[in-house]
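Structure record follows, encoded as structure tokens.
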Amino acid sequence: MIIDAHSHIWPDRIAEIALSSNALPGLRARGDGKVSGLATDMEVSGVDLSCTLAIANEARHVDRVNEFVAGLRSPSTFPFGTIHVGLDAEANLASLRRHDITAVKIHPLFQGFGLDHPRLWELFEAFGDEIAVIAHVGEGGSPEANALSSPRMVAEIVRQFPGLRLMACHFGGYKLFDDAEEVLAGTDVILETSWPPSLSTLRPERVRGLIRRHGAERIVFGSDWPMTSPADEIAAIDRLGLSDDEVKRVLGGTLARVLRIESSWT
């Protein structure tokens, strides 16, 4: 079962606006950010389950965003909700539990708070191993925004919260591959493979080396749809020269274990 850890989704009426307002320099969306568009790309690519990620840029939108993404839950979608440091840990957890959400996306570039924010760490403490976390790590915005997440911040979170089910997007450092490899390879964090505009822009031997050093059992496939084509990203994984067992772990087995989903690939 192929599972995509990283698909952004918005209500149809605001998808186009959201994509344009959250645009990253030098990147062009390959999809439309709508539920129907994701379903089409899943069918084309062979993705069986997409993690649908929702982000509240402001605290006042947290519960409404969680309600929306929870409503998308289906056999082919797994909802990742949102939190915000503008709310205390109790209020964030209440919203997640109200909508039966067991995983969240954190995006410092868009939400404006760092991975080292004290209130975020209070949330990590409250999450325990109940709530899984996937976080953008690395660059993609202004210098001020880029400083809000780094491989070293992820390493410190791993040290402080060993029970947290943490996934670091973009191999733990978008546009910071060297730093991520140095700081995070071999640590107890799950690394996710998306690298817009495509994983194929990285040298296959470099990616293969990191995956083997870190362990395929701690790597999950993510496309970062709609910024990439899931079909192209799966093809890039297939071209890395990994063993069949490693490919199965990366494309779904590892994530099924992290999210506690039944799969023959775990």
Side-chain angles (χ1 to χ4, degrees), residues 5-6 51-67 69-70 78-138 145-174 176 179-180 183-192 214-215 217-220 222 254-261:
H6 196 157
C51 296
T52 48
L53 314 184
I55 302 164
N57 289 2
E58 300 179 37
R60 62 193 176 95
H61 295 149
V62 164
D63 198 64
R64 186 167 61 186
V65 170
N66 284 336
E67 180 180 20
V69 75
F78 189 102
F80 272 58
T82 190
I83 55 87
H84 199 284
V85 297
L87 302 176
D88 62 23
E90 183 178 351
N92 278 298
L93 274 172
S95 179
L96 297 173
R97 289 167 176 163
R98 183 179 305 120
H99 301 292
D100 194 24
I101 291 173
T102 58
V104 299
K105 170 65 184 288
I106 298 168
H107 206 312
L109 291 183
F110 300 144
Q111 294 183 290
F113 55 83
L115 292 181
D116 56 356
H117 194 287
R119 186 164 277 185
L120 183 60
W121 280 30
E122 290 176 9
L123 259 175
F124 291 156
E125 181 71 30
F127 283 170
D129 76 342
E130 175 189 359
I131 306 294
V133 176
I134 191 167
H136 171 90
V137 187
N146 291 344
L148 295 174
S149 64
S150 71
R152 294 191 184 281
M153 289 181 184
V154 173
E156 187 59 28
I157 291 169
V158 171
R159 281 192 289 270
Q160 295 292 331
F161 305 99
L164 185 68
R165 289 181 287 152
L166 176 64
M167 293 171 277
C169 294
H170 317 304
F171 289 105
Y174 184 51
L176 300 172
D179 289 351
V183 174
L184 296 177
T187 65
D188 196 19
V189 62
I190 305 297
L191 302 181
E192 179 261 6
H214 194 61
E217 71 279 4
R218 290 183 291 196
I219 303 286
V220 297
T254 298
L255 189 53
R257 188 191 77 244
V258 172
L259 297 180
R260 299 165 180 169
I261 297 169

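Owing to the predicted nature of the structure, the values given are computational and were not obtained by experimental measurement.
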Point-to-point distance, once rounded to the nearest 0.5 Å, from [atom1] of [X] to [atom2] of [Y]:
{"X": "L93", "Y": "I101", "atom1": "CG", "atom2": "CD1", "value": "11.5 Å"}
{"X": "H61", "Y": "R64", "atom1": "NE2", "atom2": "CZ", "value": "4.5 Å"}
{"X": "N146", "Y": "L109", "atom1": "CG", "atom2": "CG", "value": "6.0 Å"}
{"X": "L115", "Y": "H107", "atom1": "CG", "atom2": "NE2", "value": "10.5 Å"}
{"X": "L166", "Y": "I134", "atom1": "CG", "atom2": "CD1", "value": "9.0 Å"}
{"X": "K105", "Y": "C169", "atom1": "NZ", "atom2": "SG", "value": "4.5 Å"}

Would you say [X] and [Y] make side-chain contact, with heavy atoms under 4.5 Å?
{"X": "I106", "Y": "I83", "value": "yes"}
{"X": "V85", "Y": "N92", "value": "no"}
{"X": "L184", "Y": "F171", "value": "no"}

Mind listing the closest non-hydrogen atom pair of [X] and [Y] along with its distance?
{"X": "P79", "Y": "T52", "result": "CA-OG1, 3.6 Å"}
{"X": "M153", "Y": "D116", "result": "CE-OD2, 3.8 Å"}
{"X": "S149", "Y": "V137", "result": "OG-CA, 3.6 Å"}
{"X": "P151", "Y": "L176", "result": "CD-CD1, 4.0 Å"}
{"X": "I157", "Y": "W121", "result": "CG1-NE1, 3.8 Å"}
{"X": "D88", "Y": "A91", "result": "OD1-N, 2.7 Å"}

### Sole residue of I131, L53, V133 in side-chain contact (heavy atoms from CB on, under 4.5 Å) with F80
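So the option named by the test is L53.
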Side-chain donor/acceptor of [X] to backbone N/O of [Y], under 3.5 Å:
{"X": "H6", "Y": "C51", "value": "no"}
{"X": "H214", "Y": "V189", "value": "yes"}
{"X": "R218", "Y": "T187", "value": "yes"}
{"X": "T82", "Y": "V62", "value": "no"}
{"X": "D129", "Y": "R165", "value": "no"}
{"X": "R98", "Y": "N66", "value": "no"}

### Message
Set out, in order, the CA-CA distance, both residues' side-chain angles and the distance that settles side-chain contact (heavy atoms from CB on, under 4.5 Å) for T254 and I219, then state yes or no.
### Response
CA-CA 7 Å; T254 298; I219 303 286; 5.6 Å; no
### Query
Applying the side-chain hydrogen bond (donor to acceptor under 3.5 Å, both in side chains) test to H136, which of Q111, H170, E192 qualifies?
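Testing H136 for a side-chain hydrogen bond (donor to acceptor under 3.5 Å, both in side chains) against Q111, H170, E192 leaves exactly one candidate, H170.
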### Query
Is E90 atom CD crowded by more than 12 heavy atoms from other residues, nucleotides or ligands, each under 6.0 Å away?
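Counting other residues, nucleotides and ligands, CD of E90 stays at 12 neighbours or fewer.
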### R119 CZ: over 12 foreign heavy atoms closer than 6.0 Å
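Result for CZ/R119: enclosed.
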### Message
Salt bridge or not between E156 and R159? Use side-chain N to carboxylate O under 4.0 Å.
### Response
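Salt bridge flag = yes for R159 with E156.
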### Query
Do you see a donor-acceptor pair shorter than 3.5 Å between the side chains of D63 and H99?
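On atom types as modelled, these side chains qualify, holding a pair under 3.5 Å.
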#### Entry: Test side-chain contact (heavy atoms from CB on, under 4.5 Å) applied to L255 and F78, step by step
CA-CA 11 Å; L255 189 53; F78 189 102; over 6 Å; no
